[in-house]
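Before any comments, here is the structure.
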2 protein chains.
Amino acid sequence: MPRQRSKPPRNDGIGVRDRLLNAADRLFYREGVRAVGIDRVLAEADAAKASLYQHFGCKDRLVASYLERRTGAARAHLEAFLADTPPSQRAIRFFDWVVAWAESEDFRGCPLQHTVSELTDAAHPARAIAHGQREWFAERFLEWTRAAGVKDERETARALMVLFDGAVAGSEVDGPQRASDARWMAQRLLAG
Amino acid sequence: MPRQRSKPPRNDGIGVRDRLLNAADRLFYREGVRAVGIDRVLAEADAAKASLYQHFGCKDRLVASYLERRTGAARAHLEAFLADTPPSQRAIRFFDWVVAWAESEDFRGCPLQHTVSELTDAAHPARAIAHGQREWFAERFLEWTRAAGVKDERETARALMVLFDGAVAGSEVDGPQRASDARWMAQRLLAG
DNA sequence: CAAGTGACAGACAGGTCTGTCTATTTAGCC
DNA sequence: GGCTAAATAGACAGACCTGTCTGTCACTTG
């Protein structure tokens, strides 16, 4: 565990570890973890190969760290987005967040889905992170459907997961219309 | 265009082109098109490298042919599955088909989604096939919701696409429960 | 029997990938 | 200034990838 007291390196004052993660995030998300090699991450981060292996040990751990940081950021972003929304409205408001994401310039689908489908080895460290994030979503959905006071709480919460997955996967192929379609359906589901 | 009049080759009476496609189908679907190299397809098909390049020209065209054959088979299978179902019931019955697929032994998600997320090059020949298949599904959904006589035909048909995508993508990560969840929701949607 | 054809086997080239290693440079701290 | 630790540059090994090419075998047809 290096980096005891921070010292400003020459590159924008951002440490090499964060530069590597930033580069990995851009490239892995945009093009996929298998399509992007170490060398391209190094060039994008303006870092040396030894730094990558010093900080992460191997590519798989870099991938896992990339996913962990991205999912953590998504959680924080979502919680800030929903902070002013009363709990009973959060389920439906959540889909506004999904629509905004799907409409954003650099949207390219769900990094968790991509990772699971690209890395078929069940023992890959990135898979545990993907599953953890999905459990977090499942818990939030149940929380929100309870707060909304719908009849079939659990079934509705699981249906929201399906809508979320469908919104993101569909938007990747067909464009953000799919996210709007999911929101339309969530409204019907939560109204009745 | 070779293979004018068929002659029985030594291998099970199956021509080398079909052996290659069978092997590609198994390996590409199970592990992904980037994870599987030409050599493994050749070994699995018990074929020579020259045969592959004779019949398909390059790997990308083999991938496209694999997708084309698989989607065509899925359409035929689905149409047979729905043949005895009256048109007004086909939308909901469709999700029985999805559940059965998600519960099948070798289910590993949607090959179209995988291909689109693995092959980020928009000009890849496999992408056109993926889009064609999705359009076919969209047309069927609209047909079935019209036959079912629901109020918002178009919105409902688009919602079915979201449910389908969510069922398949979710089942890949969380297991076939997600497909059942989608069916539950489709029932509610088509009932009201 | 002879010619033609489809498939096979495998070497090979040229490139890319991950990961290791050596040597050098930079920057803070005493 | 000198020491230490982090970061840099880049060569290198070994594996794997796609695609080409040469030569051989088996079988069919004239």
Side-chain angles (χ1 to χ4, degrees), chain A residues 1-24 27-28 31-66 118-121 123-126, chain B residues 1-24 27-28 31-66 118-121 123-126:
Chain A
M1 199 149 304
R3 172 142 290 85
Q4 203 84 348
R5 64 199 62 199
S6 68
K7 62 182 66 171
R10 69 149 185 260
N11 248 313
D12 304 337
I14 304 174
V16 68
R17 188 175 196 277
D18 287 326
R19 290 204 319 270
L20 285 166
L21 279 175
N22 289 342
L27 295 172
F28 286 161
E31 303 185 34
V33 295
R34 294 195 92 111
V36 173
I38 289 295
D39 290 339
R40 288 191 53 207
V41 176
L42 295 175
E44 176 98 355
D46 195 26
K49 197 176 269 196
S51 303
L52 191 156
Y53 284 94
Q54 183 65 27
H55 283 286
F56 298 98
C58 63
K59 185 189 179 183
D60 287 342
R61 295 249 301 276
L62 174 66
V63 171
S65 297
Y66 137 70
E118 278 196 285
L119 308 173
T120 46
D121 176 15
H124 195 287
Chain B
M1 204 148 301
R3 172 143 290 85
Q4 202 83 348
R5 63 199 61 199
S6 68
K7 62 183 69 173
R10 68 149 185 259
N11 249 315
D12 305 337
I14 305 174
V16 68
R17 197 187 133 94
D18 285 327
R19 290 207 316 273
L20 285 165
L21 279 175
N22 289 341
L27 294 172
F28 287 161
E31 304 183 35
V33 296
R34 296 197 91 110
V36 174
I38 289 293
D39 290 339
R40 288 190 54 204
V41 176
L42 294 175
E44 176 98 357
D46 195 26
K49 197 175 269 196
S51 303
L52 192 156
Y53 284 94
Q54 183 65 29
H55 282 287
F56 298 99
C58 63
K59 185 189 179 183
D60 287 343
R61 296 248 302 274
L62 174 66
V63 172
S65 296
Y66 137 70
E118 278 196 286
L119 308 174
T120 46
D121 176 15
H124 195 289

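Letters A, B, ... mirror the listed sequences (proteins, then strands); counts begin at 1. Because only heavy atoms are used, hydrogens play no part in the values below, and waters and symmetry mates are left out as well, while side chains stay in.
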**Request:** Compare side-chain N and O positions of A:His55 against OP1 and OP2 of D:dA7 and report whether any pair is under 4.0 Å apart.
**Result:** yes
**Prompt:** With sequence neighbours left out, what residues match B:Arg34 under side-chain hydrogen bond (donor to acceptor under 3.5 Å, both in side chains)?
**Reply:** none
**side-chain hydrogen bond (donor to acceptor under 3.5 Å, both in side chains) partners of A:Asp18, counting only residues at least two apart** = none
**Item:** Summary of protein contacts for nucleotides 12-23 of chain C, nucleotide by nucleotide, where a base hit scores B, a sugar-phosphate-only hit scores S (4.0 Å, heavy atoms)
**Value:** ------BBBB--
**Request:** Please state how far atom CZ in A:Arg17 lies from atom P in D:dA5, giving the value in whole angstrom units.
**Result:** 20 Å
**Prompt:** Separation of A:Leu42 atom CG from D:dA9 atom P, in whole Å?
**Reply:** 10 Å
**Request:** Ignoring backbone atoms, test whether B:Ser51 places a side-chain nitrogen or oxygen under 4.0 Å from the OP1 or OP2 oxygen of C:dA7.
**Result:** no
**Fill in**
Rounded to whole Å, CD1 of A:Ile14 lies from P of D:dT8 at a distance of 13 Å
**Sequence-distant partners of B:Glu44, side-chain hydrogen bond (donor to acceptor under 3.5 Å, both in side chains), two or more places apart** = B:Arg26
**Reported CG-to-CG distance for the pair A:Leu62 and A:Leu20, which is rounded to 0.5 angstrom** = 7.0 Å
**Request:** With sequence neighbours excluded, give me every salt bridge (charged side-chain N to carboxylate O under 4.0 Å, His left out) pair touching residues 48-57 of chain A.
**Result:** A:Asp39-A:Lys49
**Asked** Between the two end axes of the helix from C:dC1-D:dG30 to C:dC30-D:dG1, each built from 5 base pairs, what angle do you get to the nearest 10°?
**Response** 10°
